[in-house]
Trainee: 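Below: one structure in structure tokens.
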2 protein chains.
Amino acid sequence: MKVSDKGIYIDGIDKKILRALMEDARTPILEIARNVGISGAAIHQRLKKLEKSGLLAGSKFIINPKVLGYNTMAFVGVYLDKAVSNPEAVKQLQRVPEVIECHYTTGEWSIFIKILSKDNEHLMHLLNTEIQAIKGVSRTETFISLQQQINRQIKV
Amino acid sequence: MKVSDKGIYIDGIDKKILRALMEDARTPILEIARNVGISGAAIHQRLKKLEKSGLLAGSKFIINPKVLGYNTMAFVGVYLDKAVSNPEAVKQLQRVPEVIECHYTTGEWSIFIKILSKDNEHLMHLLNTEIQAIKGVSRTETFISLQQQINRQIKV
DNA sequence: TGTGAAATTCCGCAAAG
DNA sequence: CTTTGCGGAATTTCACA
């Protein structure tokens, strides 16, 4: 049995439910029910509980960017002028759909982003035209992901 | 109308379907059907096509790590000794559940990882005990995400 | 409080046009 | 793409431990 900081109790059955749905959000509840040996209604109620606890943050269809021609992933450390408000820069980054993550980070960069591009040329265009054009961006450092080996959620 | 490199045609209806399901994988097909004005069976046929194209890479329940007490996200650049095989290091990283992403990257690091920890103390433990213990890891550079502002998929 | 079983409503899916 | 129809699933209700 496991207790989180907020007092959510997650037993072995909850874990099995979560693991099945984290793998495939469309797994039928009744199928899970058969696998864990309790009724569908029980699963349903446990899911309600887990949702209410905030642990379940929704479900998403995952699309493969490569099929859309997005073959390059990169991480970019962004240096901002001291004078510029970071939220304003984030607001501008929000308008660039290729920016799929954005963090305020400790260390030498003000902002750290993850970005998807079709190829290196497209990446260069994004950096030189979209990112550098944002007010306050003084410099960027780019790291291209040659291959992603791990991509998962935290273990339950 | 949009054509990807692999010849997948995605029209406006496909986009609406994808956007609905990327937001919530459990959206009933018939609800989408009502919104876009075609029959449920048609949606179903389009989903089959999209799945066959490889664009749909599955669906996942998203869990909120904070509820499990994982409050700190960090990025870690890992330096590996030249002599060590990177795949072996990745294999070891795979065994650390807090490592949720792992990339081979260009630039000064051999490997770049995203990691979740409960707090700074836990992060330190992960770095000093789990990561540094891996054969071939010579040094790490850590950037803590103070706040994540953007987290999304590529736009369809 | 949490569980199981039945009933109802709704959905997913395949076939045929 | 639509309609149709079957099989099965989701969800509610209720009785019980």
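Below, chains carry the letters A, B, ... as their sequence lines are ordered, and counting in each starts from 1.
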Trainee: Could you tell me how far apart Asn35(B) (CG) and dC11(C) (P) are, to the nearest whole angstrom?
Mentor: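 Whole-Å distance recorded here is 12 Å.
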Trainee: Quick check on dT3(C): is either OP1 or OP2 less than 4.0 Å from any side-chain nitrogen or oxygen of Arg46(A)?
Mentor: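 It does, given that an N or O in the side chain of Arg46(A) lies less than 4.0 Å from OP1 or OP2 of dT3(C).
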Trainee: Roughly, in whole Å, what's the span from CD1 in Ile17(B) to P in dG12(C)?
Mentor: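 Checked: the CD1 to P distance equals 12 Å.
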Trainee: How long is the line joining CD1 of Ile43(A) and C1' of dT11(D), in whole Å?
Mentor: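 That distance rounds to 14 Å.
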Trainee: Round to the nearest Å and state the distance from Ile29(B) atom CD1 to dC1(D) atom C1'.
Mentor: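 Between C1' of dC1(D) and CD1 of Ile29(B): 15 Å.
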Trainee: Of all the choices, dA10(D), dT2(D), dG4(C), which nucleotide is nearest to the side chain of Ser39(B) once you look at every atom?
Mentor: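 Ranking dA10(D), dT2(D), dG4(C) by closest atom to the Ser39(B) side chain puts dT2(D) first.
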Trainee: What is the separation between atom CG on Leu47(B) and atom P on dG12(C), rounded to the nearest whole Å?
Mentor: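 It is 10 Å, rounded to the nearest whole Å.
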Trainee: Kindly check if the number of other-residue, nucleotide or ligand heavy atoms within 6.0 Å of CD (Glu121(B)) is above 12?
Mentor: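 No, because the 6.0 Å sphere around CD of Glu121(B) holds 12 heavy atoms or fewer from other groups.
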Trainee: Identify which nucleotide among dT2(D), dA9(D), dC11(C) has an atom closest to any side-chain atom of Leu30(B), counting heavy atoms from C-beta outward.
Mentor: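 Nearest listed nucleotide: dC11(C).
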Trainee: In this structure, are over 12 heavy atoms from other groups packed under 6.0 Å from Glu141(B) atom CD?
Mentor: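 Yes - once you tally the heavy atoms of other residues, nucleotides and ligands closer than 6.0 Å, there are more than 12.
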Trainee: Given the structure, check if the side chain of Gln45(A) and the base of dT12(D) hold any donor-acceptor pair shorter than 3.5 Å.
Mentor: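 Checked by distance alone, the answer is no.
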Trainee: Mind checking Ala42(A) for me? I need base, sugar-phosphate or nothing, with any heavy atom below 4.0 Å counting as a touch.
Mentor: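 Result for Ala42(A) = sugar-phosphate.
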Trainee: Reading DNA chain C from 5' onward, which residue's closest nucleotide shows up sooner: Ala41(A) or His44(B)?
Mentor: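 Result of the comparison: Ala41(A).
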Trainee: Is the distance between the ring centroids of Phe112(B) and Phe112(A) under 6.0 Å?
Mentor: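 Aromatic pair counts; centres sit under 6.0 Å.
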Trainee: In whole angstroms, how far is the P atom of dT11(D) from the CD atom of Glu31(B)?
Mentor: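 One finds 12 Å between P of dT11(D) and CD of Glu31(B), rounded.
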Trainee: Between Phe75(B) and His103(A) (judged by ring centroids, cut-off 6.0 Å), do the two rings come close enough to count as a pair?
Mentor: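 Ring-ring flag for Phe75(B)/His103(A): true, centres closer than 6.0 Å.
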Trainee: Between dG4(C) atom P and Ile32(A) atom CD1, what is the distance in whole Å?
Mentor: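 Checked: the CD1 to P distance equals 15 Å.
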Trainee: Do Leu47(B) and Ile29(B) have side chains that approach each other closer than 4.5 Å (heavy atoms only, starting at C-beta)?
Mentor: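 Counting from C-beta outward, Leu47(B) and Ile29(B) do come under 4.5 Å.
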Trainee: Would you indicate which nucleotide in dT2(D), dA10(D), dC11(C) comes nearest to any side-chain atom of Arg34(B)?
Mentor: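 Selected nucleotide: dC11(C).
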Trainee: Rounded off to whole Å, could you give me the NZ-to-P distance for the Lys49(B) and dA14(C) pair?
Mentor: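 Computing the Lys49(B):NZ to dA14(C):P distance gives 17 Å.
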